[in-house]
> 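I'd like to ask some things about the structure below.
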Amino acid sequence: MPAIPNRPVRVRFAPSPTGYPHLGNIRTALFNWLFARHHRGKFILRVEDTDVTRKVEGAIETMMDSLLWLGLDWDEGPYFQSQRLSLYQETASRLIETGHAYLCYCSLERLEAVRQEQMKQKQPPGYDGHCRNLTQRERAEMEAKGIKPVVRFKMPLEGETTFHDLIRGQITFRNETMSDFILLKSDGYPTYHLANIVDDHLMDISHVLRADEWVSSTPRHILLYQALNWQPPQFAHLPMILGTDKAKLSKRHGATAINEYQEEGYLPDAMVNFLTLLGWSLDDHTELLSRDELIQHFSLERVSRTGAVFNKVKLEWMNGVYLRKLNPEEYVERATPFLERGLPPSVRRPLDLTYVNRIMPLVQERAKTLAEIPQLTDFFFMDELSYDTEILPGKGLDTTTATRILEVALQELETVEPWDSQSLESTLRQLSAGLSLSTGKFFGLLRTSVTGRTATPPLFQTMAILGKETSLRRLRAVLQKLSPSQ
RNA sequence: GCCCUCAUCGUCUAGAGGCCCAGGACGUCAGCCUUUCAAGCUGAAGAUCAGGGGUUCGAAUCCCCUUGAGGGCACCA
């Protein structure tokens with residue numbers, strides 16, 4: 001239920017284009033999206049590009065690609081804050097006029113010196129209010145010197161600011177612990193605090209769902225709403241996604257950019273399911289939920305308050321589950337791009353789709369990610385097998401017996417007709433019995449001979465798909481390899 | 001240093017006073033199935049509910065303290 005009745009749910013995801021989308025960013029987007037869809041509200045995309053110096057080229061595009069990849073479609077936007085500068089500037093002026101903000105001419109050097117001194121005195125760092133009460137004349141002097149001022153918010157010196165967090169409950173800050181933060185930078189761009197509240201107000205945002213790291217700036221935002229006489233939205237601070245060291249996710253935690261998961265062959269649905277469970281749960285046993293179920297059941301009440309360590313092994317498991325659930329056509333469709341990209345260059349492109357269609361069912365329950373498929377199936381596509389000769393002749397067999405077995409098998413296989421898995425199975429099982437050889441050893445030898453691997457999909461189906469010619473050719477090649485004259 | 005938040009198996013979590021000497025999932029281990037690898041099935045190990053005080057007939061659940069962890073304190077978001 002929306003916290004404010006009669007107010008339509010409008011939420012936003014507001015990334016800044018300063019890097020590639022993170023698991024954490026995406027999870028925030030996801031919760032916003034789920035919340036909007038659950039309440040039949042709007043999900044808005046807003047780009048907070050107010051830091052000219054940190055802008056990364058292509059970041060927005062990657063962000064949007066990632067959202068779309070996961071199926072997180074937005075209803076409005078993207079809006080760009082860099083195109084709305086006058087809005088923030090006007091608001092800043094209004095705040096100055098009403099006595100809630102002031103111009104500050106302090107140099108970066110002075111601010112740094114103040115900070116150093118505060119650190120030395122073991123005081124909390126923060127602006128000392130130097131320009132808070134400049135006279136008309138002092139300001140004129142600064143202007144005359146050509147100093148571009150910033151606009152600072154005039155923090156109340158006493159009292160406290162409280163807000164109700166939908167996930168955490170009441171949170172209170174003493175105003176004296178907060179200093180006069182900057183609203184408008186000297187280049188005319190707003191800081192996050194200003195742009196954020198102006199846009200949330202103008203865009204009629206009903207709920208702000210954002211990461212935990214924002215709680216301590218929320219009182220500043222509340223105070224700004226009050227100064228502007230605007231009604232603040234509801235706040236809900238989401239638990240963060242942590243690295244294995246329990247610290248805030250960053251580049252040093254390895255693969256955290258969402259597009260890497262796409263490249264590693266994870267399915268959007270698995271990703272969405274898994275990410276939702278990082279900080280939200282339905283009950284004490286449900287792990288697998290479809291997108292619709294997620295939308296239907298999602299609620300802020302069931303969002304947890306503790307940070308969650310991202311556990312890739314469990315993601316792999318879940319992705320395997322989703323992979324196995326795919327119908328054969330979808331599976332091939334998903335797998336093909338990975339095969340095209342991952343198979344050795346020597347394999348002729350484009351791949352024979354009919355052939356691919358026959359192979360894929362054999363690996364569907366064996367791969368945890370799409371990216372594993374090429375290495376699981378490359379022997380189907382390669383002309384020349386390259387493998388470790390150590391795996392021949394195989395456990396419990398010496399070269400002489402292996403050779404004899406292969407010769408007999410070869411002879412027998414030449415007569416197999418039709419070359420399908422049933423005929424192969426009956427022929428080879430009989431032969432195995434005839435040779436008084438355990439199926440383990442016998443099929444194992446054939447397996448390595450025909451595939452160059454010790455672990456493969458079931459032997460008969462594999463041979464059937466490989467075809468008679470290729471299978472026999474590979475068996476002969478092994479005999480060559482084993483012969484002493486070599 | 002100051003402020004805020006959080007605290008249940010290795011990890012994700014269930015639990016909103018008695019149903020809990022704590023349930024599920026991943027992972028781990030063992031067994032079954034089996035031509036290998038997977039998948040599947042069965043079972044096991046794994047949390048003195050961070051520690052200490054209260055409140056209560058009764059606390060993982062409420063209160064206080066301690067400790068630990070995380071986040072914030074920028075002309076970054």
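In what follows, every chain begins at residue 1, and chains take the letters A, B, ... in the order their sequences are listed. Just so you know, these numbers use all the heavy atoms, side chains as well, and skip hydrogens, waters and symmetry mates.
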> Who does G58(B) pair with, Watson-Crick or G-U, both distances under 3.5 Å?
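Across any shown strand, G58(B) pairs with none.
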> What nucleic acid atoms does Leu446(A) come within less than 4.0 Å of, heavy atoms only: base, sugar-phosphate, or nothing?
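Nothing, no nucleic acid heavy atom in range.
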> Look at all strands and tell whether Arg152(A) reaches a base, only sugar-phosphate, or nothing, counting heavy atoms closer than 4.0 Å.
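Touches sugar-phosphate only.
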> Using the P atom as the reference point in each nucleotide, state the distance between U8(B) and G15(B) in Å, no decimals.
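Taking atom P in both U8(B) and G15(B), they lie 14 Å apart.
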> So, Ser82(A) and Asp49(A): side-chain donor and acceptor under 3.5 Å apart, yes or no?
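Result is yes, a qualifying pair exists.
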> Both distances below 3.5 Å, Watson-Crick or wobble geometry, any strand: find the nucleotide opposite U35(B).
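Answer to the pairing question: none, since U35(B) forms no Watson-Crick or G-U pair.
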> Hey, which of these two, Val215(A) or Ala247(A), hits RNA chain B nearer its 5' end, going by closest nucleotide?
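Its nucleotide being nearer the 5' end, the pick is Val215(A).
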> Checking base pairs now: Watson-Crick or wobble, both atom distances under 3.5 Å. What partners A30(B)?
U42(B)
> With a strict under 4.0 Å distance from non-hydrogen atoms of chain A, what nucleotide opens and what nucleotide closes the contacted stretch of RNA chain B, reading 5' to 3'?
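First-to-last contact on RNA chain B, by the 4.0 Å heavy-atom rule, is G1(B) to A77(B).
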> Applying side-chain hydrogen bond (donor to acceptor under 3.5 Å, both in side chains), can you list everything that pairs with Arg324(A), at least two apart in sequence or on another chain?
none
> In whole Å, what separates the C1' atom of A39(B) from that of A45(B)?
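Here A39(B) and A45(B) have their C1' atoms 24 Å from each other.
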> Crowded around Glu158(A) CD? As in, over 12 foreign heavy atoms under 6.0 Å?
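Incorrect, the count does not exceed 12.
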> What residues, two or more places apart in sequence or in another chain, satisfy salt bridge (charged side-chain N to carboxylate O under 4.0 Å, His left out) together with Arg474(A)?
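Once residues adjacent in sequence are excluded, Arg474(A) has no partner under the salt bridge (charged side-chain N to carboxylate O under 4.0 Å, His left out) criterion.
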> Only pairs at least two apart or in different chains count here, so list each salt bridge (Lys or Arg N to Asp or Glu O under 4.0 Å) that has a residue in residues 423-435 of chain A.
Glu425(A)-Arg429(A)
> For residues Met63(A) and Pro17(A), determine if any side-chain heavy atom of one lies less than 4.5 Å from a side-chain heavy atom of the other.
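Met63(A) vs Pro17(A): side chains apart.
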> Measuring only the C1' atom in each nucleotide, how far is C20(B) from U13(B)? A whole number of Å is fine.
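It comes out at 16 Å once rounded to the nearest Å.
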> Under 4.0 Å between any heavy atoms, over every strand shown, what does Arg54(A) touch: base, sugar-phosphate, or nothing? Just pick one.
base
> When you compare C62(B) with A25(B), how far apart are their C1' atoms, in angstrom units rounded to a whole number?
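Their C1' atoms lie roughly 30 Å apart.
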> Using a cut-off of 4.0 Å on non-hydrogen atoms, how would the nucleic acid contact of Thr244(A) be classed: base, sugar-phosphate, or nothing?
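Result for Thr244(A) = nothing.
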> Between A60(B) and G17(B), how many Å separate the two C1' atoms, rounded to a whole number?
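So the two C1' atoms sit 10 Å from each other.
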> What distance, rounded to whole Å, do you find between the two P atoms, one in U11(B) and one in G51(B)?
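So the two P atoms sit 15 Å from each other.
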> Would you classify Cys104(A) as touching base, sugar-phosphate or nothing, given that sugar-phosphate means primed atoms plus P, OP1 and OP2, and contacts are heavy atoms under 4.0 Å?
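The answer is nothing, as Cys104(A) stays clear of every strand by at least 4.0 Å.
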> Which is true for Thr286(A) with a 4.0 Å heavy-atom rule: it touches a base, it touches only sugar-phosphate, or it touches nothing?
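Nothing, no nucleic acid heavy atom in range.
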> Can you name the one residue among Val151(A), Ile197(A), Leu85(A), Leu87(A) that meets side chain to side chain contact (heavy atoms under 4.5 Å, CB included) with Pro190(A)?
Leu85(A)
> Taking any heavy-atom pair under 4.0 Å as a contact, classify Phe460(A): base, sugar-phosphate, or nothing.
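Since a base atom lies under 4.0 Å of Phe460(A), the category is base.
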> Base, sugar-phosphate alone, or nothing: which one does Pro149(A) contact when heavy atoms must sit under 4.0 Å apart?
nothing
> Under 4.0 angstrom, heavy atoms only, what part of the nucleic acid is Gly444(A) near: base, sugar-phosphate, or nothing?
nothing
> Scan Ser432(A) against the nucleic acid and name what it touches under 4.0 Å (heavy atoms): base, sugar-phosphate only, or nothing.
nothing
> A14(B) and G24(B): how far apart are their C1' atoms, nearest whole angstrom?
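Pairwise C1' distance, A14(B) against G24(B), rounds to 7 Å.
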> Is Lys314(A) salt-bridged to Glu287(A), cutoff N-O under 4.0 Å?
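So Lys314(A) pairs with Glu287(A) through a salt bridge.
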> Rounded to whole angstrom, note down the C1' distance from U61(B) over to G23(B).
15 Å
> Run through Lys154(A), Arg132(A), Arg152(A) and flag the one making a salt bridge (Lys or Arg N to Asp or Glu O under 4.0 Å) with Asp180(A).
Arg132(A)
> Please enumerate all residues that pass side-chain hydrogen bond (donor to acceptor under 3.5 Å, both in side chains) together with Thr286(A), with sequence neighbours excluded.
Asp283(A)
> When both hydrogen-bonding distances must be under 3.5 Å and the geometry is Watson-Crick or G-U wobble, what is A7(B) paired with, if anything?
U67(B)
> At 4.0 Å (heavy atoms only), tell me whether Pro239(A) reaches a base, stays on the sugar-phosphate, or touches nothing.
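Pro239(A): no heavy atom of the nucleic acid under 4.0 Å.
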> If you assign Cys106(A) and Lys368(A) each to the RNA chain B nucleotide with the nearest heavy atom, which residue ends up on the more 5' nucleotide?
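The answer here is Lys368(A).
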> Would you classify Thr18(A) as touching base, sugar-phosphate or nothing, given that sugar-phosphate means primed atoms plus P, OP1 and OP2, and contacts are heavy atoms under 4.0 Å?
nothing
> Determine whether the aromatic ring centres of Phe274(A) and Phe310(A) lie less than 6.0 Å apart.
yes
> Counting the atoms with a prime plus P, OP1 and OP2 as sugar-phosphate, which does Arg305(A) contact under 4.0 Å by heavy atoms, base, sugar-phosphate, or nothing?
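Sugar-phosphate: the residue Arg305(A), judged by heavy atoms under 4.0 Å, touches backbone atoms but no base.
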> Under 4.0 Å, heavy atoms only, any strand: does Gly279(A) hit a base, just the sugar-phosphate, or nothing?
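Gly279(A): backbone/sugar contact only, no base atoms under 4.0 Å.
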> Do Tyr322(A) and Trp317(A) pass the ring pair (Phe, Tyr, Trp, His ring centres under 6.0 Å) test, and can you show the C-alpha distance, the side-chain angles, and the key distance before you say yes or no?
CA-CA 9 Å; Tyr322(A) 275 85; Trp317(A) 161 77; 9.1 Å; no
> For RNA chain B, which residues of residues 173-187 of chain A approach it to below 4.0 angstrom with any heavy atom?
Phe173(A), Thr177(A), Ile182(A), Lys185(A), Ser186(A)
